[in-house]
Each structure stands twice: as C-alpha cells, then as structure tokens.
**Q** 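One structure follows; several queries about it will come next.
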Amino acid sequence: MAQGRPPSTLPDIAHYTHVPNRHWGRWAAVAVIVLLLAGLARAFAVGDIEWRFVGSFFTAPAIMAGLYNTLWMTFGAMALGIALGVVTAVMRMSPNPVLQGVAMGYTWLFRGTPVILQLLLWFNLALIFPRLGFGEFSVRTVDVMTPALAALLGLGINQGAYTSEVIRAGMLSVDAGQYEAAKAIGMTRLRALRRIIFPQAMKVVIPPLGNEFIGMVKLTSLASVIQFAEILHAAQNIYYANSRVIELLIVAALWYLIIVSVLTPLQMLLERRFARGTGGTR
C-alpha cells in the first residue's frame with residue numbers, strides 16, 4: 001500500500017497479462033549464425049572435395065610421422081622456452097643492472113622479429129658461421145644445423161622471450177612481504193624463489209602458459225618453410241604428388257584440432273590443481 005494513499009485509489013492491475021521478454025536480438029543473432037553455418041556446410045558439400053581421400057590419408061604413414069614430429073617439437077620447444085623464460089624473468093627481477101639489461105635485450109630482440117624470420121636465420125646460420133667450434137674441435141655448420149635443430153632453436157628461443165614475461169607477471173603477483181619474510185629467515189634469493197615465490201606464482205602463470213603451449217602446437221607449422229617434416233609439411237608433400245590440396249589440408253586441420261582438444265582439458269585440470277585454496281577454481 002502506498003503511504004498516504006487510500007486503498008480505493010490504487011490502480012487495478014489484475015486484468016493485465018504478463019508478457020515475457022521476447023529477446024528479438026538473440027533470435028536474430030541465432031538466425032544469422034544458422035544461415036552462415038548452413039552456407040558453410042553447403043559450400044563443403046557441393047565443393048570439389050573428395051572426402052574419401054580425407055579418410056584414406058588421415059592415418060597415412062607420412063601424416064603419422066608428421067604428427068609425431070609436431071608433438072615432440074611442441075614439447076621440446078616449450079621446455080626450452082620455459083627454461084629460458086624462468087632464467088630471463090629472474091634476471092629481469094634482479095637488482096643487478098647488467099643482468100636486467102641482458103634480459104631486456106633478449107626479450108626485445110626475439111619479441112620484435114617474426115618467428116618465421118628467426119627460423120630462416122637459424123637454418124641459414126652457415127652463411128654467417130661456416131664452422132662451429134674451435135680448431136680441430138669444430139664441425140661444419142651445415143652438418144649440425146638440421147631442419148629439426150633449427151626449428152627447435154627458433155621456436156624455443158622465441159618462446160622463451162614471451163614466457164619470461166608470463167613468469168615475471170607471476171612473480172610480480174606475489175606480495176612483496178613474501179620476499180622480505182624469506183630474507184628475514186635467512187633464505188638465499190634462489191631458494192626463496194624456489195620454495196616460496198614460484199609456488200605462489202604458479203596460479204597466475206599456468207593459464208597464460210597453457211595458452212602458449214597450445215599456441216606452440218600450431219606455431220610448429222611455420223617450421224615447414226625450413227623443410228621440417230611436421231604435419232603441414234607432410235600434407236604438402238602428399239598433395240604436391242596427387243594434387244588433392246584441400247583434402248590434405250583438411251587432414252592437417254583435423255589433426256591440429258584433435259591435439260588442441262586433448263590439451264585444453266589438461267590445461268584446465270592443471271589450472272584447477274594450482275588454484276586450490278585460492279578461490280580460483282570456479
């Protein structure tokens with residue numbers, strides 16, 4: 001009842017009918033999406049695609065060898081990138097200005113140039129250094145710098161520059177009092193990082209680092225330009241021979257999607273593991 005207003009003067013709303021919100025914008029968006037998906041499905045259905053070739057080459061030996069190379073290159077490059085990223089982040093956070101300068105220079109250089117350019121530079125390193133080593137203990141660079149090694153160094157060192165910023169963000173998220181407490185009980189800087197700082201920083205580091213890991217799966221495809229036999233390069237070699245271009249590209253795309261679909265829930269489980277007790281498991 002309204003204050004100071006007699007009950008007889010209140011409006012009678014009993015005869016009104018409740019009308020739910022129609023959400024016309026949502027229905028229009030759904031209609032547009034359905035039309036786009038239908039058009040895409042029709043394009044693939046009527047296009048010049050021999051789907052039997054997709055099935056026959058899906059597990060071809062060359063494709064499976066490319067899948068193996070993609071997986072080990074992803075794990076190898078990320079391992080190298082994480083190792084370099086941790087070292088670079090610690091150097092960047094060091095009070096030593098020389099270490100800070102080296103870390104900043106490394107990050108600036110490898111984040112500032114395209115990955116494909118770095119791969120080509122590593123693969124053609126023999127043009128700068130014909131031999132590696134000293135005197136009798138030297139070898140020809142062309143014998144050492146194989147496509148696999150060039151891809152590993154190019155992808156791993158480039159990844160280290162990005163990973164260092166992820167690690168540094170995690171370290172900065174830890175309260176400064178944690179550093180002071182570790183110092184107060186006599187811990188060395190490295191021990192404090194290992195026992196106190198890094199465990200707390202992991203809940204911040206894991207989500208972007210997992211995203212970088214998934215990105216590395218697709219980034220390995222760039223190594224095809226230096227003849228590293230990953231999935232895309234294997235698919236290219238096959239369609240150069242049989243001219244079934246789109247079919248082999250679909251095979252490569254499906255394998256990339258499968259790998260990412262497997263890694264994504266693993267990343268979520270890892271995030272949940274490190275977020276325990278912090279309220280970040282939702």
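In what follows, residues are counted from 1 in the order of the sequence shown. For clarity, every value in this text was computed on a predicted model and none was experimentally measured.
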**Q** So, taking the atom named OG in S173 and the one named NZ in K203, what distance separates them when rounded to the nearest 0.5 Å?
**A**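 Interatomic distance, S173 OG to K203 NZ, rounded to 0.5 Å: 5.5 Å.
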**Q** Which residue pairs pass the ring-ring contact (aromatic ring centres under 6.0 Å, His included) test with at least one member in residues 75-102, sequence neighbours excluded?
**A**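 The answer is F75-F213.
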**Q** Under 3.5 Å, side chain of T220 to main-chain N/O of T74, donor-acceptor pair present?
**A**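 Looks like no, no N/O pair under 3.5 Å.
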**Q** Which heavy atom in A235 sits nearest to a heavy atom in A252, and how many Å separate them?
**A**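 Smallest heavy-atom distance, with atoms named: CB-CB, 4.3 Å.
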**Q** Atom CG of L153 and atom CH2 of W122: how far apart are they, to the nearest 0.5 Å?
**A** 5.0 Å
**Q** Among the clusters formed by ILVMFWY side chains lying less than 4.5 Å apart, do L155 and L80 turn up in the same one?
**A** no
**Q** Looking at side-chain heavy atoms only, is the closest gap between L266 and L270 below 4.5 Å?
**A** no
**Q** Of N211, I206, V205, V204, which is the lone residue that meets side-chain contact (heavy atoms from CB on, under 4.5 Å) with V166?
**A** V205
**Q** Donor-acceptor pair, distance only, cut-off 3.5 Å: does the side chain of T264 make one with the backbone of S261?
**A** no
**Q** Give me the atom names and distance for the closest heavy-atom approach of H233 to S224.
**A**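 That would be CD2-O, 3.7 Å.
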**Q** V262, W72: one ILVMFWY side-chain cluster at the under-4.5 Å cut-off?
**A** yes
**Q** Between atom CE of M93 and atom CG of L99, what is the distance when rounded to the nearest 0.5 Å?
**A**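 Reported value, rounded in 0.5 Å steps: 13.5 Å.
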**Q** Within a strict 4.5 Å, meaning less than it, do heavy atoms of the L249 and L232 side chains meet?
**A**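 Side chain of L249 against side chain of L232, heavy atoms only: contact under 4.5 Å found.
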**Q** How long is the gap from CG on L209 to CD1 on I167, to the nearest 0.5 Å?
**A** 6.0 Å
**Q** Give the intermediate values and the outcome of side chain to side chain contact (heavy atoms under 4.5 Å, CB included) for residues V251 and E247.
**A** CA-CA 6 Å; V251 169; E247 290 83 357; 5.8 Å; no
**Q** Just how far is it from atom OG1 of T70 to atom CG of L219, taken to the nearest 0.5 Å?
**A**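 The OG1 atom of T70 sits 11.5 Å away from the CG atom of L219.
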**Q** Are more than 12 heavy atoms from other residues, nucleotides or ligands located less than 6.0 Å from atom CZ of R140?
**A**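 Incorrect, the count does not exceed 12.
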**Q** Between Y239 and I246, is a side chain to side chain contact (heavy atoms under 4.5 Å, CB included) present by the stated rule, with each step listed?
**A** CA-CA 8 Å; Y239 72 60; I246 191 66; over 6 Å; no
**Q** Please walk me through it: do N69 and I231 pass side chain to side chain contact (heavy atoms under 4.5 Å, CB included)?
**A** CA-CA 8 Å; N69 287 336; I231 296 178; over 6 Å; no
**Q** Can you name the nearest heavy-atom pair linking Q267 to P207, along with the distance?
**A**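 Between these two residues, the closest heavy atoms are NE2-O, 3.2 Å.
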**Q** Taking the side chain as C-beta and beyond, is there a heavy-atom pair between L121 and L125 under 4.5 Å?
**A**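 Heavy-atom side-chain distance check fails, nothing below 4.5 Å.
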**Q** Look only at the side chain of T146 and the backbone of L149, and say whether a donor-acceptor pair between them is shorter than 3.5 Å.
**A**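 At least one qualifying donor-acceptor pair exists.
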**Q** Q100 versus M91: any side-chain heavy-atom pair under 4.5 Å?
**A**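 No, side chains not in contact.
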**Q** Quick check against the 3.5 Å criterion: does N124 have a side-chain atom that pairs as donor or acceptor with the backbone of L120?
**A** yes
**Q** Less than 4.5 Å apart, any side-chain heavy atom of L119 and any of F123?
**A** no
**Q** Can you classify the ring geometry of F57 versus F53 as parallel (below 30°), tilted (30 to 60°) or perpendicular (above 60°)?
**A**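 Correct class here is parallel.
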**Q** Work out which heavy atom in T163 is nearest to a heavy atom in G81; give both atom names and the distance.
**A** CB-O, 3.7 Å
**Q** Linking I/L/V/M/F/W/Y whenever any side-chain heavy atoms sit under 4.5 Å apart, do I116 and V217 land together?
**A**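 Yes; V217 is reachable from I116 via cluster members.
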**Q** How many angstroms lie between atom OH of Y106 and atom CG of L84, to the nearest 0.5 angstrom?
**A** 4.5 Å
**Q** Is the shortest heavy-atom distance from the side chain of I128 to the side chain of T141 under 4.5 Å?
**A**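 Result no, sub-4.5 Å side-chain heavy-atom pair not found.
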**Q** With a 6.0 Å cut-off (strictly less than), is the heavy-atom count around CH2 of W108, excluding the residue itself, greater than 12?
**A** no
**Q** Run the salt-bridge test on R92 and E165 with the 4.0 Å N-O cut-off and return the result as yes or no.
**A**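 Salt bridge present between R92 and E165.
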**Q** Checking T113 against Q118: is there a side-chain donor and acceptor pair closer than 3.5 Å?
**A**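 Yes, because at least one side-chain N or O of Q118 sits under 3.5 Å from a partner of the opposite role on T113.
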**Q** Taking all heavy atoms of A234 and all of A62, pick out the closest pair and write down the distance.
**A**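 Minimum heavy-atom contact is CB-O, 3.4 Å.
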**Q** Does CE belonging to M64 count more than 12 external heavy atoms closer than 6.0 Å?
**A**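 Yes.
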**Q** Would a single hydrophobic cluster contain both L71 and I82, if residues Ile, Leu, Val, Met, Phe, Trp and Tyr are joined by side-chain heavy-atom contacts under 4.5 Å?
**A**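 Per the 4.5 Å side-chain linkage, I82 and L71 are co-clustered.
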**Q** Is it possible for you to say whether I157 and V102 belong to one hydrophobic cluster, with membership spreading through side-chain heavy-atom contacts below 4.5 Å?
**A** no
**Q** Would you say the side-chain atoms of W255 pair up with the backbone N or O of F58, donor to acceptor, closer than 3.5 Å?
**A** yes
**Q** What are the two closest heavy atoms between A126 and V142, and how far apart are they?
**A**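 That would be CB-CG1, 3.4 Å.
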**Q** Go through E230 and M73 one step at a time and tell me if the side chain to side chain contact (heavy atoms under 4.5 Å, CB included) criterion holds.
**A** CA-CA 9 Å; E230 42 74 55; M73 181 58 68; over 6 Å; no
**Q** Is the side chain of S164 donor-acceptor paired with the backbone N or O of A89 at a distance under 3.5 Å, no angle test?
**A** no
